[in-house]
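Below is one structure, written out as structure tokens, with a few remarks after it.
Residue numbering restarts at 1 for every chain, and letters A, B, ... go by the order of the sequence lines.
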Amino acid sequence: MTVRGRSTRKATRVHDGRRAAPVQLVEETPWRWRIDRAGDMRVPGIVFASRQLLPTVAADQSLQQVVNVATLPGIVRASYAMPDVHWGYGFPIGGVAATDVADNGAVSPGGVGFDISCGVRLLVTPLDRAELGPRLAALMDQLELLIPKGMGKGAVWEPAGDAELRRVLTEGARYAVERGHGTARDLERCEDEGVLAGADPDAVSERAKLRGLHQIGSLGSGNHFLEVQVVDRVYDENVAVAFGLHPGQVCVMIHSGSRGLGHQVCSDHVGRMEAAMGRYGIHVPDRQLACVPVRSPEGEAYLAAMAAAANYGRANRQLLGEAARRAFARAVGTDRLEMLYDVSHNLAKLETHQVGGRPCLLCVHRKGATRALPPGHPDLPPALGPVGQPVLVPGSMGTASHVLAGDPGGEAFHSTCHGAGRLVSRTVARHRVSGSALRRQLARAGVEVRAGSDRGLAEEAPTSYKDVDAVVETVELAGLARRVARLVPVGVIKG
DNA sequence: ATGTAC
């Protein structure tokens, strides 16, 4: 008997847990919708989206997933969805959910996703587009040469063995810098200064470590990319100046994650939690929401392994940024690429937030959602304190990307969107769009594309994504973050 | 996202 074509989703559809309530949306404002508590929901759902961006319940299960997440043990305030929300594993991508650690709050790998600590890094150059001139093609050639991309192996740097890999897992980007790959200033501009605390390499399986040994400093595939971009528009002059951004400036955006290692960590711990969940009396409406209390052996083990994978992802982006500097040095004669910021959009973090007027330790799941600290937050480096955290929002291939800043309003535990948000599945996109035609179209538009596969290109066609400009406009209207600058690509490296 | 199933 063949099992070809049997998707994971189908395999997990039948489940005997909590019953999901149907999705009933109440329009609160033109950019905010509420799903009232019903059935086993412990909190309401809040969806930040314009009518245009709202997923259709018929075509996309993400709003049902918002409802399902609202049943998680210990969840507080609301199950949130950002304007780029779409269907994911268990949780929607573009989902934010926080659980109260002291109230048996749960942690769920599905609330982080398979690509643990996937995120974005933006480096700014001293060059304007005009100064780069015709050297762009040579620069893209160097970037293609120095940046491993696509599925499987290939790395900028390999650890000497298990002992050194363990240091990557515990010390992240800081270890990369200690080994000479970058500067102290780079770390200052990383979320958590490049190191997520609480990592334990022993919570990471041998198999996961084996997969990670040869991928540090690699892009991967899918929506991951390295782009040479130009600042196309500034929305907030004061914040743009503080961020070191001005119109016409050349920047480098890197979008990558924890590769095979993070994927394996997620798989390992989902399996372990599925087996353990019953012992804690936890029932969920979808098996993909497997979770255990944060304060349980399985919960602590997941968070320790997740932090290790996050550190791997941070080291990965640090090495990719260094490779970009080398490419600029060779092709353009400067390696002065200064970090604006590096931030994850797939992570669960223990953070203290005000809940019901009291400070409360929460496990904040951000899956396809970016942390967005407001001005004055103590975790910001001094230079960014007055303006807030840079939020990096990559658009779909060939379209704009955005830089935002955290807003004091930000009600979703200081979180915002993470990208354009997929509209059409990879499979459907593949049948709709020709990769080679897309390649020609981008070339005609003046974008230098260095892509690994036509199939990958087809899957990432911008017509398969929402309009990122509309997504960030909604984010701003909803008071989640403020727009600072819009960047457009002139060169794309993709798996 | 991912040695696109082990």
Side-chain angles (χ1 to χ4, degrees), chain A residues 1-12 62 65 84-95 108-120 148-155 204-216 218-226 254-271 288 305-306 309-310 312-314 316-317 320 344-348 365-370 394 396-397 418-431 435 452-460 464-465 494-495:
Chain A
M1 195 185 85
T2 175
V3 293
R4 277 182 64 220
R6 204 182 84 167
S7 76
T8 311
R9 273 187 191 113
K10 278 176 189 158
T12 58
S62 60
Q65 293 186 315
D84 52 337
V85 65
H86 57 110
W87 197 0
Y89 178 90
F91 277 58
I93 295 162
S108 173
V112 173
F114 278 86
D115 194 2
I116 294 166
S117 201
C118 180
V120 184
K149 59 178 171 11
M151 296 272 288
K153 289 181 186 175
V204 177
S205 68
E206 287 307 314
R207 187 177 188 174
K209 282 193 270 198
L210 212 58
R211 287 179 71 170
L213 210 46
H214 311 290
Q215 296 185 322
I216 303 176
S218 65
L219 272 182
S221 61
N223 62 1
H224 290 170
F225 64 74
L226 180 149
I254 295 168
H255 179 200
S256 186
S258 51
R259 309 285 283 105
L261 183 139
H263 189 273
Q264 191 64 46
V265 164
C266 182
S267 302
D268 291 341
H269 287 261
V270 163
Q288 295 182 351
M306 183 210 71
Y312 184 94
R314 283 128 188 248
N316 183 32
R317 288 194 292 275
L320 288 169
S344 300
H345 47 235
N346 283 2
L347 215 53
H365 299 75
R366 296 187 182 92
K367 180 191 195 177
T370 315
S396 54
M397 183 176 54
H418 86 305
R422 186 172 276 284
L423 267 180
V424 174
S425 74
R426 292 182 192 285
T427 314
V428 171
R430 226 156 38 221
H431 293 299
S453 76
D454 278 348
R455 178 178 156 170
L457 272 182
E459 290 181 357
E460 293 304 315
S464 300
Y465 282 85
K494 267 193 98 66

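Atom NZ in A/Lys209 sits roughly 19 Å away from atom C1' in B/dG3 (whole-Å rounding). The distance from atom CG of A/Asp115 to atom C1' of B/dT4 is 15 Å, rounded to the nearest whole Å. When rounded to the nearest whole Å, the span between CG of A/Asp268 and C1' of B/dC6 equals 14 Å. The distance between atom CD of A/Gln264 and atom C1' of B/dA5, rounded to the nearest whole Å, is 13 Å. Across the protein-nucleic acid pair, A/His214 atom NE2 and B/dT2 atom P stand 17 Å apart, rounded to whole Å. Atom CD1 of A/Ile93 is separated from atom P of B/dT2 by 13 Å (rounded to the nearest Å). Rounded to whole Å, atom P of B/dT2 lies 12 Å from atom CZ of A/Phe114. Summarising the geometry, the separation between CG on A/Leu210 and C1' on B/dC6 is reported as 16 Å, rounded to the nearest angstrom.
Remark: A/Arg426 pairs with A/Glu459, A/Glu460 by the salt bridge (charged side-chain N to carboxylate O under 4.0 Å, His left out) rule, at least two apart or across chains. A search for salt bridge (charged side-chain N to carboxylate O under 4.0 Å, His left out) contacts involving A/Arg211 returns nothing, not counting sequence neighbours.
Relative ring orientation between A/His224 and A/His255 is described as perpendicular, the plane-to-plane angle rising above 60° on a 0-90° scale split at 30° and 60°.
Look at A/Ser267 and you won't find any side-chain N or O under 4.0 angstrom from OP1 or OP2 of B/dT2. For the pair A/Arg426 and B/dT4, the criterion of a side-chain N or O lying under 4.0 Å from OP1 or OP2 is not met. When the side-chain nitrogen and oxygen atoms of A/Gln215 are compared with OP1 and OP2 of B/dG3, one or more of them lie within a distance under 4.0 Å.
A/Glu459 comes within contact range of no nucleotide atom at all, as no heavy-atom separation falls under 4.0 Å. Heavy atoms of A/Gly222 sit under 4.0 angstrom from primed sugar atoms or phosphate atoms, though from no base atom. A/Arg211 comes within 4.0 angstrom of a nucleotide base, judged by non-hydrogen atoms across all strands. Among the protein residues, A/Gly257 comes within range of no part of the nucleic acid, since none of its heavy atoms lies under 4.0 Å from any strand. Using a 4.0 Å heavy-atom distance criterion, A/Arg422 is classed as making no nucleic acid contact.
Taking the nucleotide of DNA chain B with the nearest heavy atom to each of A/Arg430 and A/His263, the more 5' of the two is matched to A/His263.
The minimum heavy-atom distance between A/Val270 and A/Pro109, with the atom names listed, is CG2-CB, 3.7 Å.
Remark: side-chain polar atoms of A/Asn316 are paired, donor with acceptor, to backbone N or O of A/Ser218 under 3.5 angstrom.
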